[in-house]
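Here the structure comes first, spelled out in structure tokens, and everything after it is commentary.
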Amino acid sequence: MHIVSFFAFGLNSALSPNALPLAYLDPGTGSYLLQMIIAGLVGGAFLVKIFWGKIVAFFKKLFGGRNTDDNNQE
Amino acid sequence: MTITRNNTGHPASFRDPSGFIFSLDGSLYRQVNQSYRADYDHLMASGLYQDLVGSNLLVSHEEAQIQPADPENAYKVIFPRRVRWISYPYEWCFSQLKDAALATLDIQKRALRSGMTLKDASAYNIQFLEGKPVLIDTLSFAVYQEGKPWDAYRQFCQHFLAPLALMAHVDVRLNQLFRVYLDGIPLDLASRLLPFRTRLNAGLLLHIHVHAGAQKKYAEPARPAGRSPRQMSKIGFQGLIDSLETAVRGLNWKPAGTEWSDYYENRLNYSDDALEHKKEIIQKFLDRIQPKTVWDLGANTGIFSRLASQRGIPTAAFDIDPAAVEINYRTMAKVGEPNLLPLVMDLTNPSPAMGWENRERDAFLERGPADAVLALALIHHLAISNNVPLAHLSRFFARAGRWLIIEFVPKSDSQVQKLLATRKDIFDEYDPDHFQSHFSKDFTVHEVVSIRGSQRFLYLMERRAEALD
């Protein structure tokens with residue numbers, strides 16, 4: 001769990017009540033921290049996924065294929 | 001008239017300070033509080049509301065011009081479209097919970113595109129409306145603040161991912177843990193129950209096993225610190241949602257060893273002619289009584305429920321067997337049957353009232369009565385397998401609905417013979433005469449029809465006015 005500890009330094013401020021004006025649920029310290037780590041891990045892969053989807057859509061359009069709905073609009 | 005929140009607020013609507021549900025003259029309204037004003041206005045003005053309602057993902061509402069229940073804090077009062085049958089995740093089959101999970105993630109993705117986020121991800125905020133899972137809490141949205149993680153991540157994992165993983169990898173009946181843990185399955189428990197191979201699945205490894213470890217490690221409140229907060233980028237947020245979606249989509253369950261097409265046939269004791277005759281009688285009864293709502297108790301895969309739902313009658317089809325409900329739901333979803341809602345229910349121990357003050361989640365019978373109840377090939381299971389006396393059965397059905405279409409299965413029937421094969425027959429009163437005599441105390445018997453090619457009878461009964469006194 002060292003990687004969790006590595007990211008923990010910023011957590012206390014992120015979890016202060018002033019930083020959570022909208023929250024009524026307790027997000028849970030461990031859950032809050034872990035999702036930031038996972039987001040860091042999967043964010044890049046998600047970018048590649050979107051980029052790849054756009055490349056595929058571009059070539060489909062270029063070669064006269066049907067312009068399929070791209071689920072990864074973002 | 002001024003109404004205070006304390007005496008009219010719905011007993012399940014108190015956690016979120018953004019607003020609350022209240023009832024007035026038999027209708028349910030939702031007060032939107034001033035504290036939620038900016039978020040509500042963003043939801044309505046950004047196009048997100050129209051997008052979600054148009055996609056059958058959010059219950060629609062109208063703004064109501066009535067006195068708020070708590071005028072001091074009120075911004076608006078909205079009148080949401082009514083959901084006919086309220087159901088809970090411990091009554092859903094696997095695919096219902098999975099579809100509810102995917103709907104929640106779809107809503108979150110669309111919310112992010114409109115500059116909002118879900119501030120909660122409770123399975124209880126999802127209900128089935130016209131066969132589709134929809135979000136019923138209009139106040140679940142908050143304006144997205146760049147860099148801020150998802151407050152509802154833990155709740156999503158506990159309410160959706162953990163129970164789905166347990167149902168898919170351990171036993172489909174484990175969604176019954178919802179009846180013990182109101183806020184979803186604790187992740188440490190899920191992690192202990194799941195087999196080792198689930199650690200080889202990236203999504204389950206991260207969102208359940210490592211997540212449970214992180215919760216344990218940081219169980220104590222964080223200490224004050226002066227460092228700047230770490231941010232979660234929007235693309236990281238989207239990646240997180242995408243990762244959860246991949247994990248949910250990767251979970252599957254199907255009834256073992258059953259071909260769907262002959263599932264029903266394998267469990268029935270009818271010739272084709274008897275089955276058709278039984279359908280004819282039930283249709284004739286339904287046409288005679290024209291019920292507004294139907295509960296089919298012991299519905300199996302819904303073959304007779306559909307006689308009601310296809311007449312446009314809102315019909316809830318209950319069965320104890322998660323496999324039968326799964327088949328019923330998948331058929332319903334495939335065909336698109338807006339009036340049918342299959343649910344898992346053990347009638348010998350139906351859903352109790354639960355939560356704070358035992359008033360957050362309604363008991364099974366509190367959600368009725370239905371206008372008509374179907375009890376087909378059911379009574380022998382209750383009377384013989386579960387030893388319920390006929391008088392108790394009559395009282396139960398009288399509480400469940402006004403009209404009763406009930407099939408009496410006599411001892412000579414091979415299905416009852418099977419039930420009696422391994423036990424002593426202590427059921428001296430289990431015969432048509434005693435059945436009719438006991439039920440006549442609570443019901444007026446309008447018709448009795450023998451099912452052709454069988455030894456069974458179908459009764460049409462109507463509850464007496466004094467039945468429940």
Side-chain angles (χ1 to χ4, degrees), chain A residues 1-61 66-74, chain B residues 15-18 36 39 109 112-113 117 119-122 142-145 147-155 157-158 183 187 202 206-207 210-244 246:
Chain A
M1 208 52 70
H2 300 299
I3 191 168
V4 176
S5 303
F6 175 76
F7 279 88
F9 70 90
L11 184 69
N12 303 319
S13 304
L15 278 179
S16 75
N18 292 335
L20 303 170
L22 305 166
Y24 77 95
L25 290 180
D26 177 1
T29 310
S31 303
Y32 212 72
L33 177 59
L34 179 72
Q35 67 169 304
M36 288 196 278
I37 297 167
I38 296 175
L41 294 173
V42 300
F46 184 67
L47 259 181
V48 171
K49 188 175 167 181
I50 295 168
F51 190 62
W52 180 248
K54 285 185 174 171
I55 290 172
V56 171
F58 173 76
F59 279 104
K60 275 188 178 173
K61 199 174 176 183
R66 287 181 61 198
N67 190 12
T68 55
D69 184 27
D70 180 8
N71 289 325
N72 303 316
Q73 293 98 325
E74 293 297 324
Chain B
R15 288 199 168 81
D16 185 354
S18 303
Y36 191 69
D39 299 296
K109 286 195 288 186
L112 277 173
R113 285 180 213 141
T117 181
K119 59 183 180 176
D120 47 35
S122 166
V143 173
Y144 173 61
Q145 296 171 331
K148 191 171 170 298
W150 193 23
D151 288 331
Y153 172 65
R154 178 178 65 95
Q155 194 175 45
C157 293
Q158 292 182 182
D183 195 22
L187 297 182
L206 288 171
H207 300 301
V210 177
H211 195 168
Q215 285 182 335
K216 188 178 175 191
K217 185 173 176 66
Y218 291 94
E220 296 298 318
R223 293 183 301 276
R227 309 214 187 186
S228 60
R230 178 156 287 272
Q231 305 273 301
M232 189 166 102
S233 68
K234 189 173 180 184
I235 201 73
F237 199 144
Q238 290 170 307
L240 179 79
I241 302 301
D242 187 64
S243 166
L244 287 168
T246 303

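Letters A, B, ... are given to chains in the order of the sequence lines, protein chains preceding strands, and every chain is numbered from 1.
Of all non-hydrogen atoms in B/Tyr218 and A/Thr29, the two that sit nearest each other are O-CB, 3.6 Å. A/Leu25 and B/Gln155 get closest at one heavy-atom pair: CD1-OE1, 3.2 Å. When every heavy atom of A/Ala39 is checked against every heavy atom of B/Gly236, the shortest pair comes out as CB-O, 3.4 Å.
The ring-ring contact (aromatic ring centres under 6.0 Å, His included) search around B/Tyr153 returns B/His207, B/His211, not counting sequence neighbours. A/Asp26 meets the side chain to side chain donor-acceptor pair (under 3.5 Å) test with no other residue; sequence neighbours excluded.
A distance of 13.0 Å separates CZ in B/Arg154 from CG in A/Leu34, rounded to the nearest 0.5 Å. The line from CZ of A/Phe46 to CD1 of B/Ile241 is 9.5 Å long, rounded to the nearest 0.5 Å. Note that CD1 of A/Ile37 and CG of B/Leu240 are 11.5 Å apart. Values are rounded to the nearest 0.5 Å. One distance of note links OH of A/Tyr24 with CZ of B/Arg15; it measures 8.0 Å at 0.5 Å rounding.
Here the side chains of B/Ile235 and A/Ile50 are in contact, with some heavy-atom distance below 4.5 Å. Between B/Asp242 and A/Val42, every side-chain heavy-atom pair lies at or beyond the 4.5 Å cut-off.
Only the side chain of B/Ser243 comes within contact range of chain A, with at least one heavy atom under 4.5 Å from a heavy atom of that chain.
Under a 3.5 Å cut-off, the side chain of A/Gln35 and the backbone N or O of B/Trp150 do form a donor-acceptor pair.
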